[in-house]
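Numbers for residues simply follow the sequence, beginning at 1. Quick caveat: nothing in here was measured; it's all calculated off a predicted structure.
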Amino acid sequence: MMQASAAEVAGALRGRDSVMIISHVRPDPDTIGSALGLGLGLASLGVDVRCGFAEPETLPGSLHDLPGTELLAPLTSPASGEAVVAVDAATPNRLGSYEEFFSAADIGVCIDHHVSNSGFGDLAYIDSESDCTAVLVLRVLDELGVEVTADIATCLYAGLVTDTGSFKWARPASFEVAARLLESGVDAPKWSRVLLDSHPYSWLQMVSAVLGTSVLDEQACDGRGLVYATVTAEQMTGLAWDESESVIDVVRTAREAEVAAVFKEATPGEWTVSLRSKTTVDLVPIASALGGGGHTRAAGYSDSGTADEVVSRLRAKL
């Protein structure tokens, strides 16, 4: 594995006949927007592009209308000479069953912004100072000389606006990128509404039930406070899997708690856990100790067991 720059990644992709781009499992707007933005850019250069992510989850409904979704399809083994790019995946296992395609590629390229990513593949372009992977993809496209069209800009904006929480915790550089993407033709009000402020009515009922059983422990984390909630598989009946992803943004608002956690039961006994902190707690060591990773203030992991068991394991680490 070689730590690479945007120019080196562009050099590895330039002139390729075909490129496969893999998003991580349980895909969010940054991994999908990065894949489609890069895919559309490469396609404009005449490259045969195919994008995908491993099952079992389906594409979140909020992303169905992003430009370039026609590039998404079930993937097969890479062809001879085909480059394989992983976007926004902190570890190879985040690629799910498609990890084997990345390993089998003539050249595997990792583009990511997670601080917990130690690098994998033949080339690893990792910048934890970037607010999202989409910004790194933009740099690669610039190195390739791709014209950033409104469609490409829209895909990249999806990653930027969501990973910064609608710019609530954005670094200064992200505002510069946002201005450039808007100037390229992004309909910001539309996509902010679609990506951040649109849920089915049944989501309101689910959130009401979840918040009603949330727990605040002001003595946890050495007195800095923990608030947590659980979303059971039964509560998600009739809702798409991604509708539980935004619950953490509500729970984290409790001012008495430095750390917030939401335990989401994907299937009975199988959980994904979202962690957030506000100012002082570094979540990366905590998530890593539980088999996950992420950022200093936003991380996650997976676990198995009853709700009480998974909650107890996190509390022990805190």
Is there a continuous path of hydrophobic side-chain contacts, each under 4.5 Å between heavy atoms, that joins Phe120 to Val284?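 Per the 4.5 Å side-chain linkage, Phe120 and Val284 are not co-clustered.
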Stepwise, does the side chain to side chain donor-acceptor pair (under 3.5 Å) test hold for Arg224 with Thr279? CA-CA 10 Å; Arg224 285 170 286 189; Thr279 58; over 6 Å; no
Counting only N and O atoms by type, is there a donor-acceptor contact under 3.5 Å from the side chain of [X] to the main-chain atoms of [Y]?
X      : Y      : result
Arg171 : Glu129 : yes
Glu265 : Ala233 : yes
Thr296 : Asp282 : no
Arg315 : Ala220 : no
Glu258 : Thr280 : yes
Asp17  : Glu82  : no

Criterion side-chain contact (heavy atoms from CB on, under 4.5 Å) against Arg16, the qualifying member of Leu42, Ile107, Asp48: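 Going through the options one by one, the only one that passes is Ile107.
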Closest heavy-atom pair and its distance - [X], [Y]:
X      : Y      : answer
Gly37  : Cys155 : N-CB, 3.7 Å
Lys264 : Ser274 : NZ-OG, 2.6 Å
Ala134 : Leu156 : CB-O, 3.4 Å
Leu75  : Phe101 : O-CE1, 3.5 Å
Thr69  : Leu63  : CG2-O, 3.6 Å
Leu314 : Ala261 : CD2-CB, 3.7 Å

Applying ring-ring contact (aromatic ring centres under 6.0 Å, His included), name anything that partners [X], two or more places apart in sequence or on another chain.
X      : answer
Tyr228 : none
Phe263 : none
His114 : His295
His199 : Trp203

Decide if atom CD of Gln205 counts as having more than 12 heavy atoms of other residues, nucleotides or ligands within a radius under 6.0 Å.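 For Gln205, atom CD is crowded (more than 12 foreign heavy atoms under 6.0 Å).
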Members besides Val25 in its Ile/Leu/Val/Met/Phe/Trp/Tyr cluster (side-chain heavy atoms under 4.5 Å):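 Result for Val25 is none, singleton.
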Six-ring centre of Trp169, Arg252 cation under 6.0 angstrom, axis tolerance 45°: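 Judged by the rule (NZ or CZ under 6.0 Å from the ring centre, within 45° of its axis), Arg252 counts as positioned above Trp169.
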Residues Asp65 and Lys190 bridged, charged N to O under 4.0 Å: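 No, Asp65 and Lys190 are not salt-bridged.
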Result of checking Glu8, Arg139, Gln3 against Tyr125 for side-chain hydrogen bond (donor to acceptor under 3.5 Å, both in side chains):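 Answer after filtering Glu8, Arg139, Gln3: Arg139.
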Judged by modelled atom types alone, do Asn93 and Thr91 share a side-chain donor-acceptor pair under 3.5 Å?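 Yes, a side-chain donor-acceptor pair sits under 3.5 Å.
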With salt bridge (Lys or Arg N to Asp or Glu O under 4.0 Å) as the test, would you mind laying out the steps for Glu143 and Arg14 before giving the verdict? CA-CA 10 Å; Glu143 293 290 345; Arg14 186 178 290 111; 5.7 Å; no
With Ser214, which residues qualify under side chain to side chain contact (heavy atoms under 4.5 Å, CB included), at least two apart?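 Ser214 satisfies side chain to side chain contact (heavy atoms under 4.5 Å, CB included) with Ala229 once adjacent residues are dropped.
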Take Ser34 and Asp88, measure what side chain to side chain donor-acceptor pair (under 3.5 Å) needs, and give me the verdict at the end. CA-CA 8 Å; Ser34 295; Asp88 200 45; over 6 Å; no
Please round to the nearest 0.5 Å and tell me the distance separating atom CG of Asp187 and atom OH of Tyr157.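 The distance works out to 9.5 Å.
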